[in-house]
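For the numbers below, each heavy atom of this structure counts, side chains included, while hydrogens, waters and symmetry mates do not.
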Amino acid sequence: MHHARDDSAQAARQTTYADAAAGESALPAEVSEALAHVLAATQRGVLQVSDRELVALLAVARHRHAEPAVGPVAADLVLAMLRANYGRLRLSDKARATMATRIGQTLCEAPTTLPRMQRFWDQLRGVIG
């Protein structure tokens, strides 16, 4: 019985990524770290990310360039950053995509981070012309 409760608690922690608005301490450490990384990257701007990350982000921008709003591409941007920087996380592709979607939604729903995300997307679109 104890093990089932531990497994259930772990599953609950893994599905609460979107609770970032309620405080990063509610997030699993890896998700909190990834969220902090994305926040820092969007604050610094496109030209300050790592080369590996920039390649991944530019691939998203080339593929989704016609989309002017960041909302529809936020998960793709976060997923590119996760793959470039957090490949060591032992997550299934589905779990990684879910994490990226939830982080992207959280960042686009917050009035303080949405403009930053939009500026970051505009910078990426500008780099590829």
Worksheet item: Can you get from M117 to L79 by hopping between Ile, Leu, Val, Met, Phe, Trp and Tyr side chains that sit under 4.5 Å apart?
Response: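 Result: no, two separate clusters.
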Worksheet item: Do V55 and L47 belong together in a cluster built from hydrophobic side chains that touch within less than 4.5 Å?
Response: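 No: no chain of side-chain contacts under 4.5 Å links V55 to L47.
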Do [X] and [Y] make a side-chain contact, defined as non-hydrogen atoms from C-beta onward lying under 4.5 Å apart?
X    : Y    : value
R125 : P68  : yes
L107 : L114 : no
L124 : V60  : no
R102 : V78  : no

Practice prompt. Mind checking the CG-CH2 spacing from L57 to W121? Nearest 0.5 Å is all I need.
Written response: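 Interatomic distance, L57 CG to W121 CH2, rounded to 0.5 Å: 9.5 Å.
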Discussion item. Is it the case that over 12 heavy atoms from other parts of the model lie below 6.0 angstrom from the CZ atom of R96?
Written reply: yes
Item to complete: Answer yes or no: are there more than 12 heavy-atom neighbours, outside H65 itself, under 6.0 Å from its atom NE2?
Response: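 Yes, because the 6.0 Å sphere around NE2 of H65 holds more than 12 heavy atoms from other groups.
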Practice prompt. Not counting sequence neighbours, list each pair that qualifies as a side chain to side chain donor-acceptor pair (under 3.5 Å) and has a residue in residues 47-58.
Written response: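 The answer is H37-E53, E53-N85.
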Fill in: Minimal non-hydrogen separation, T106 against T113, with atom names
O-OG1, 4.2 Å
Worksheet entry | Residues that R64 engages under salt bridge (Lys or Arg N to Asp or Glu O under 4.0 Å), provided they are two or more places apart | D76
